[in-house]
There are 2 protein chains.
Amino acid sequence: MSGLEARELRYFVAVAEELNFSRAAERLGMAQPPLSRAIRQLERRLGADLFTRDTRQVVLTDFGATFLEEARHALEVLTAVDRRARRAAQVTPTLVATAKPGIASGMLRRVAETFRALPGACRVEIAVSGYREQADMVRDGRADVALLSLPYERRGLDSEPLASEPRVAALPADHPLTRRSELRRADLYGEPIPRWAGASEAEHAYWCGREPGNDLPPGPVVGDPSQLLEVVGLGQAVALVPRSVAERNPRSDVTYRPVADAAPYVIAIAWPAGRRSPAIARFVFAATDLYLDRTLVS
Amino acid sequence: MSGLEARELRYFVAVAEELNFSRAAERLGMAQPPLSRAIRQLERRLGADLFTRDTRQVVLTDFGATFLEEARHALEVLTAVDRRARRAAQVTPTLVATAKPGIASGMLRRVAETFRALPGACRVEIAVSGYREQADMVRDGRADVALLSLPYERRGLDSEPLASEPRVAALPADHPLTRRSELRRADLYGEPIPRWAGASEAEHAYWCGREPGNDLPPGPVVGDPSQLLEVVGLGQAVALVPRSVAERNPRSDVTYRPVADAAPYVIAIAWPAGRRSPAIARFVFAATDLYLDRTLVS
DNA sequence: GGCCGCTCATACCTGTGGAGTATAAGTCTG
DNA sequence: CAGACTTATACTCCACAGGTATGAGCGGCC
């Protein structure tokens, strides 16, 4: 009756990931028998087996597989709460903000300055984050707010768009389309388009300038803008990039052309869903006050 | 180092709600001293006090207040995981679906029928739910999916719009506007408009036919459609209602008129964010297959 | 085929720490 | 100032998380 305990979830996830009680126990810094017992107890409490195990191998049941997602989610929330609380508990409470490297870090600095000028503002720390890592940092509590670009994975986040800029096509310098001064999305259909590493279907569709669900042209997988431009320069693909990226990366082997009907590049501020602490609220206010409804100038 | 435990959060929330260690302990079915100790320990682990207490009264610190929101959220997720897991563990796994009473329960029955015809479908239970309670039921795990109407509180939910119908103005029979055969939103500006009990600003703005943030006319608070129509019939307010509500409620003291530019009434299917279990996926598929892009006929 | 190596389960023991009881100590009230 | 309320402290206790030793099932291998 007493409800799930976080410890049980941590144990279960470890076993589910290792699919081996001994290794999982080692990872948890405990012995194997109590771990086996704890899992049995969890199974009794839930009312169904999580694993089918013989002495040779352990596999998740269907029920175990769905419960694994649930358990991971609950633990993610729990660690995020823990991290944010520990940060808020410090003698000098610190708001951690993060942004994608590049343009947004300039925006972020300015938002942070505005925030610090507000009454009741606290210390702000700007955390560096890898490409596309911002949303995860907010979700797992390593950061309180993030500037990130659409379309990002919104699950578990509240957000507010701040600024946008048009996207342009990056074409190999000798591509036939460079003869036109302006393109439309449809002109790129059929061209290979790079896929961002780890991008979801919806994100990839956005970068291709298409609606999700359509067949998407295959293309090389890239991890950052310079890789992307390299791939374009080599003639292996075409791509849609924010105009500011184009302006900061003039290359003789890449030609940029406006795309009239491409959805703009949007930068939004995001924070943990529903967690509008005073500090976060003030920071979001500072950001929207500075940028809302203004077009991003490169 | 070992991370937050659910038990600690339950204790903390109980004390924060009672603001009294003895009563909280009683509610938790335990004695007061261990509860005091547990809270002290939690405070040590987090690194700051949650309460300021003298022997006469207990009050939340600022830190405690923000942590209360966090703790409630984490516990909500945890209980939801628990409830869904226990349901999935049953010998006959059962998907629980809910909807607002009225039109949607008809839709829900049909979606459930379609779902049951799919290969691999499980048992479906249709849960009754109070007005505006559907989203909460999904969030706290009492239901797996819900049919609800926009704009609902999206936090923690994924959703897909299913059907829509136009909204019409409900006017007192002797109101001057009844002389016109069709209205526009602006015609209602300045009229008192009922406020749904518990509605957020954004929701209220939708029911007023206005953008959020504008000044909203004050009006009586109502809890269900019949209350709302009563208030309109008495001449105390005007309101926007879905056309089907108008058709099912002919009243001599209320006159309905189309409103050309009012945002339509939208019914969506919602499920726990990111938790796309096979059963939920199939149910959402059944719903979109039946209704997507069709206009709701009363 | 019998041995070995690997797994998880069972049995039993141990110690930590969560929870109980009794009581002190503080503060407001009449 | 006594009494009614609080929460905190000091202890005792025992449940249960966790450890150790060992059994038991299943393959692979010489």
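The sequence lines fix the lettering, A, B, ..., with proteins before strands; numbering per chain opens at 1.
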Distances for protein N/O vs nucleotides 24-27 of chain D N/O pairs under 3.5 angstrom?
from   : atom 1 : to    : atom 2 : distance (Å)
D:dG25 : N3     : A:T55 : OG1    : 3.2
D:dC26 : O4'    : A:T55 : OG1    : 3.0

(message) Any base atoms under 4.0 Å from B:Q41, or only sugar-phosphate, or nothing? Heavy atoms, all strands.
(response) sugar-phosphate
(message) Rounded to whole Å, please give me the gap between CZ in A:R37 and C1' in D:dG18.
(response) 7 Å
(request) Return no unless some side-chain N or O of B:N20 is found under 4.0 Å from OP1 or OP2 of D:dC5. (result) no
(request) Using atom CD of B:E5 as one end and atom P of D:dA17 as the other, report the distance to the nearest whole Å. (result) 11 Å
(message) Can you list, in residue-number order, the parts of residues 23-33 of chain B that come under 4.0 Å of DNA chain D, counting heavy atoms only?
(response) B:Q32, B:P33
(request) Mind calculating the distance between CG (B:L19) and C1' (D:dC5) to the nearest angstrom? (result) 16 Å
(request) Choose from D:dT7, D:dG18, C:dT21 the nucleotide whose nearest atom is closest to any side-chain atom of B:P34. (result) C:dT21
(request) Report yes if the side chains of A:L42 and A:L50 come closer than 4.5 Å at any heavy-atom pair, otherwise no. (result) yes
(request) Check the distance between D:dA17's P and A:L42's CG and give it to me in whole angstrom. (result) 12 Å
(request) To the nearest Å, give me how far apart CZ (A:F21) and C1' (C:dC6) are. (result) 15 Å
(message) I'd like to know if B:E76 and B:R155 make a salt bridge, using a cut-off of under 4.0 Å between side-chain N and carboxylate O.
(response) yes
(request) Over all heavy atoms of both residues, which pair between A:A97 and A:F283 is shortest? Give the atoms and the distance, please. (result) CB-CZ, 4.0 Å
(message) Expressed as a whole number of angstroms, how long is the span from B:Q57:CD to D:dT6:P?
(response) 13 Å
(request) Measure up the B:F12 and B:F51 rings against each other and bin them: parallel (under 30°), tilted (30 to 60°), perpendicular (over 60°). (result) tilted
(request) Measure from CG on B:L35 to P on D:dT6 and round the result to the nearest Å. (result) 14 Å
(request) Scan B:S22 against the nucleic acid and name what it touches under 4.0 Å (heavy atoms): base, sugar-phosphate only, or nothing. (result) base
(request) Check every strand shown and say whether B:R40 touches a base, only sugar-phosphate, or nothing at a heavy-atom separation below 4.0 Å. (result) sugar-phosphate
(message) Using the side-chain heavy atoms of B:R7, tell me which of these nucleotides is nearest: D:dT7, C:dA19, C:dA9.
(response) C:dA19
(message) I need the minimum non-hydrogen distance between B:E5 and A:E5, along with the two atoms involved.
(response) OE1-OE1, 3.2 Å
(message) Using the side-chain contact (heavy atoms from CB on, under 4.5 Å) criterion, which residues pair with B:A24? Sequence neighbours excluded.
(response) B:A14, B:V15, B:E18, B:L35
(request) Mind checking A:F51 for me? I need base, sugar-phosphate or nothing, with any heavy atom below 4.0 Å counting as a touch. (result) nothing
(message) Side chains of B:S36 and B:Q32 only: does a donor on one sit below 3.5 Å from an acceptor on the other?
(response) yes
(message) Strictly below 4.0 Å, N to O, side chains only: are B:R276 and A:E69 in salt-bridge contact?
(response) no
(message) Taking only side-chain N and O atoms of A:S36, does any of them lie within less than 4.0 angstrom of OP1 or OP2 on C:dC8?
(response) no
(message) Going by salt bridge (Lys or Arg N to Asp or Glu O under 4.0 Å), A:E17 matches just one of A:R23, A:R10, A:R72. Which one?
(response) A:R72
(message) What is the distance, to the nearest angstrom, from the CG atom on B:D49 to the C1' atom on D:dT7?
(response) 14 Å
(message) Is any side-chain heavy atom of B:L95 closer than 4.5 Å to one of B:R123?
(response) no
(message) Looking at C:dT7, I'd like to know if its phosphate oxygens (OP1 or OP2) sit under 4.0 Å from a side-chain N or O belonging to A:R53.
(response) no
